[in-house]
K.L.:
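Have a look at this one before I ask anything.
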Amino acid sequence: MSGLITVTGGRQLSGEIAVQGAKNSVLPILAATILSGDTCRIRRCPRLCDVASAIEILHHLGCRAQWEGEDLVVDTAEMTRCEIPERLMRKMRSSVIFLGAILGRCGEAQMSYPGGCELGPRPIDLHLTALQTLGTAIEERSGVLHCTAPVLRGADIVLALPSVGATENAILAACCAEGVTTVSNAAREPEICDLQDFLCAMGAEVRGAGSSTVTVRGKQKLHGCDHQVMADRIVAATYLSAAAGTGGDIRLTKVCPQHLTTVTAALQQAGCRITLERQSIRLQSDGQLRGISLVRTAPYPGFPTDAQAVVMASLLRSRGTTVFVENMFENRYRHVAELRRLGADVRCEGRVAVVCGVEQLHGAQVHAADLRGGAALVVAGLQGEGTTQVGTIHHIQRGYADIVGDLTQLGAELRREDT
Ligand code: EPZ
């Protein structure tokens, strides 16, 4: 469904809100349920368009998935297919994570290339090489990958880059391989730790997530489990950025502050007061931020590329200049042209964007070109004089369960209109 978010700027944010479960955690977990051949209860599962797409894939494969309040209960005992049609693959990037899981369960899989946010080239060569190292034969015919692995054998996988998705795919397939697999140069993102916790709850033997080497001892049979998804650190970064830019005093609960250290350090340097507790973050801002030192996106524990746009949006009215360097994706400044419509002074060239703070932003009509860039437009609109209309919000709905409801609860003035 397409629609608009209409934001009236100028309100300070205040209050408390619990952060939703993490999209980038729950999507690989939904793929992993296939390995259980049993029933899994996923608690705090965010109701997102991408989760709906993953449910569609599970249904297509013959599995069941149904909501029980905030929980999603998935039963993968009956699996009748091992192929995903292009129509479903195109809906999101994470559809490719089903590859490792289907191969692990069925020994074969067919799918086309995945879709997802257009952030520049997003190849899957590392995913495929990792699966080949485990013994998968892959043939591409008319854009469809035909993968067969009658027997997966544990192996040493060395990733050329610490790709999040390739690490997840390798781990999922390795859970069903004969013997031990090590994944070196693995991504260290917290979402990999959440996947490990989920797999261990299903009876798998996975160790080392959060470090650069993950070890998996394959098992013949796994079982169902009950798991609570970790908090979404990028949604948390979005709301912190919103309050930093508008000014105010908010507390986010059910978050893990350690997952957000680079973001909170940046906002602190900009002049916000941050108080960390075990599972909450309080941010106080007078709305008069200053520019900060170079922000370079990097794999975790570096500054997250997914938070680049929203933190940039918080700094548009800051005193001074901030330079961003986007190292993860080639095309992740699509929000910049839209921010300029609101009166922002941001220039970008290649991987570098320079924000020079302006006195005031004003409302405008803008369009979300991707998920986090769209959220950044909302964060900017909250600081503008007058009304901002953000269009093509289906991008935002892929990752935020209720951005309008959450920010309204924090005192912002915004509403969603379906068109
Ligand atoms: C995950 O994408 C996240 N998505 C992204 O979040 C996030 O931006 C990204 O990790 C980096 O943190 C999910 O977890 C569902 P990568 P992923 O493989 O796994 C290159 C959001 O907004 N690469 O770590 O696709 C790639 O082109 C989304 O929530 C290859 O060259 O990211 C990129 O430059 C957007 N070959 C770099 O590695 C490959 O086979 C990192 O990508 C795979 C990746």
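In listed order, ligands and their atoms are each counted from 1. What you see is a predicted model; the values in this text were computed from it and never measured.
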K.L.:
Please list, in number order, the atoms of ligand 1 under 4.0 Å from a heavy atom of T305.
P.N.:
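Counting atoms of ligand 1 from 1, those under 4.0 Å from T305 are 8 (O), 11 (C), 12 (O).
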K.L.:
Would you say A187 touches ligand 1, if touching means a heavy atom closer than 4.0 Å?
P.N.:
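Under 4.0 Å: no for A187.
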K.L.:
Per the salt bridge (charged side-chain N to carboxylate O under 4.0 Å, His left out) rule, what does the pair list look like for residues 346-358, sequence neighbours excluded?
P.N.:
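As it turns out, the salt bridge (charged side-chain N to carboxylate O under 4.0 Å, His left out) pairs with a partner in residues 346-358, which skip direct neighbours, are D345-R347.
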K.L.:
Do E277 and S280 have side-chain atoms, one donor and one acceptor, less than 3.5 Å apart?
P.N.:
yes
K.L.:
Side chains of T182 and D156: is there a donor and an acceptor less than 3.5 Å apart?
P.N.:
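Yes.
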K.L.:
With a 4.0 Å heavy-atom cut-off (strictly under), which part of L371 contacts ligand 1: side chain, backbone, both or neither?
P.N.:
side chain
K.L.:
Counting heavy atoms only, which of P123, P114, G374 comes nearest to atom 31 (O) of ligand 1?
P.N.:
P123
K.L.:
Pairing donors with acceptors under 3.5 angstrom, does anything connect the side chains of H127 and N169?
P.N.:
yes
K.L.:
Tell me whether M328 has any N or O atom under 3.5 angstrom from an N or O of ligand 1.
P.N.:
yes
K.L.:
Tell me whether R296 at atom CZ has more than 12 heavy atoms from other residues, nucleotides or ligands lying less than 6.0 Å away.
P.N.:
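Count not over threshold, so no.
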K.L.:
Show me which atoms of ligand 1 lie under 4.0 Å from any heavy atom of G165.
P.N.:
18 (O), 19 (O)
K.L.:
Between R332 and ligand 1, which part of the residue brings a heavy atom under 4.0 Å of the ligand: side chain, backbone, both or neither?
P.N.:
side chain
K.L.:
May I ask you to identify, for E168, whether its side chain, its backbone, both or neither come under 4.0 Å of ligand 1 on a heavy-atom basis?
P.N.:
neither
K.L.:
Tell me the nearest of S94, A160, S25, S163 to atom 44 (C) of ligand 1, using heavy-atom distances.
P.N.:
S163
K.L.:
Do the side chains of V355 and T321 get nearer than 4.5 Å, heavy atoms only?
P.N.:
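Counting from C-beta outward, T321 and V355 never come under 4.5 Å.
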K.L.:
How does V164 reach ligand 1, if at all, at less than 4.0 Å between non-hydrogen atoms: by side chain, backbone, both, or neither?
P.N.:
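Both parts.
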K.L.:
Is the closest side-chain donor-acceptor distance between T253 and E16 under 3.5 Å?
P.N.:
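Side chains of T253 and E16: no pair found under 3.5 Å.
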K.L.:
For F329, which part has a heavy atom under 4.0 Å from ligand 1: side chain, backbone, both, or neither?
P.N.:
side chain
K.L.:
I'd like to check whether D125 has a polar contact with ligand 1, where a contact means an N/O of the residue lying under 3.5 Å from an N/O of the ligand.
P.N.:
yes
K.L.:
Check whether any N or O atom of L126, backbone or side chain, sits under 3.5 Å from an N or O atom of ligand 1, and answer yes or no.
P.N.:
yes
K.L.:
For ligand 1, which atoms, with element, lie under 4.0 Å from some heavy atom of L161?
P.N.:
20 (C), 31 (O), 38 (O)
K.L.:
Please test E330 against R332 for salt bridge (charged side-chain N to carboxylate O under 4.0 Å, His left out), starting from the C-alpha separation and ending with a verdict.
P.N.:
CA-CA 6 Å; E330 272 176 30; R332 215 167 189 186; over 6 Å; no
K.L.:
Side chains of R93 and Y113: donor-acceptor distance under 3.5 Å anywhere?
P.N.:
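Per modelled atom types, R93 and Y113 side chains form no pair under 3.5 Å.
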K.L.:
Taking CD in E83 as the centre, count heavy atoms belonging to other residues, nucleotides or ligands within less than 6.0 Å. Is the count above 12?
P.N.:
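Correct, the count exceeds 12.
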K.L.:
Which of the atoms in ligand 1, numbered in the order shown and given with their element, are less than 4.0 Å from a heavy-atom of K23?
P.N.:
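Taking each heavy atom of K23 in turn, ligand 1 has 21 (C), 29 (O) under 4.0 Å.
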